[in-house]
Amino acid sequence: MEEFLVQLMGKKVDVSCGMSAVVRGEIVTVKAGILYLRDEEERVCYVAVNKVAVVWELKEHESRAGFIG
């Protein structure tokens, strides 16, 4: 899992660590069994790699001015 997460460095992901624990952020780094995620408010979250069950890569959506119809 750690090698896979290293490949996603710099990408925004949702990480599930069980039935109800999901965290979202950009992967900053992965080292010594710890996943470092940075959220939109620049806070860093630390996740034990051995607790990661599922990872979803987020798609970047461009913001457009005006109404969506």
Side-chain angles (χ1 to χ4, degrees):
M1 177 61 82
E2 190 165 337
E3 291 175 16
F4 172 71
L5 292 169
V6 167
Q7 294 174 20
L8 295 175
M9 278 182 31
K11 297 189 178 191
K12 291 183 181 176
V13 295
D14 281 342
V15 176
S16 172
C17 299
M19 298 294 285
S20 62
V22 177
V23 291
R24 173 176 286 180
E26 177 184 338
I27 297 178
V28 178
T29 192
V30 183
K31 57 184 169 185
I34 304 293
L35 169 64
Y36 296 71
L37 293 173
R38 180 179 299 125
D39 69 8
E40 293 176 352
E41 296 176 6
E42 298 296 317
R43 297 178 301 179
V44 178
C45 172
Y46 308 94
V47 180
V49 170
N50 64 348
K51 299 295 183 186
V52 174
V54 181
V55 178
W56 293 272
E57 188 174 341
L58 301 177
K59 299 214 184 236
E60 293 290 328
H61 296 287
E62 292 183 25
S63 297
R64 295 183 184 175
F67 295 98
I68 298 175

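Computed from a prediction, not measured in an experiment: that's the story for all the values here. When a residue number appears, it is its place in the shown sequence, counting from 1.
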Closest heavy-atom pair and its distance - V23, C45: CG1-SG, 4.3 Å

For the atom pair NZ (K59) and NZ (K12), what is the distance rounded to the nearest 0.5 Å? 15.0 Å

Tell me whether V52 shares a hydrophobic cluster with W56, the cluster being built from Ile, Leu, Val, Met, Phe, Trp, Tyr side chains joined at under 4.5 Å. no

What one should report as the nearest heavy-atom pair of V47 and C17 is CG1-SG, 3.6 Å

Honestly curious: do V15 and V54 fall in one hydrophobic cluster under the side-chain, below-4.5 Å linking rule? no

What's the shortest heavy-atom distance between S16 and G18, and which atoms? OG-O, 3.1 Å

Check for me, please, whether Y46 and V28 land in the same ILVMFWY cluster - side-chain distances under 4.5 Å, paths through other members count. yes

I need the minimum non-hydrogen distance between I27 and L5, along with the two atoms involved. CD1-O, 3.9 Å

Do V49 and Y36 sit in the same hydrophobic cluster, where Ile, Leu, Val, Met, Phe, Trp and Tyr count as joined when their side-chain heavy atoms come under 4.5 Å apart? no

If you group Ile, Leu, Val, Met, Phe, Trp and Tyr by side-chain heavy-atom gaps below 4.5 Å, do V13 and V22 land in one group? no

Which heavy atom in D14 sits nearest to a heavy atom in R24, and how many Å separate them? OD1-NE, 2.6 Å

Rounded to the nearest 0.5 Å, how far apart are CD of E2 and CD of Q7? 12.0 Å

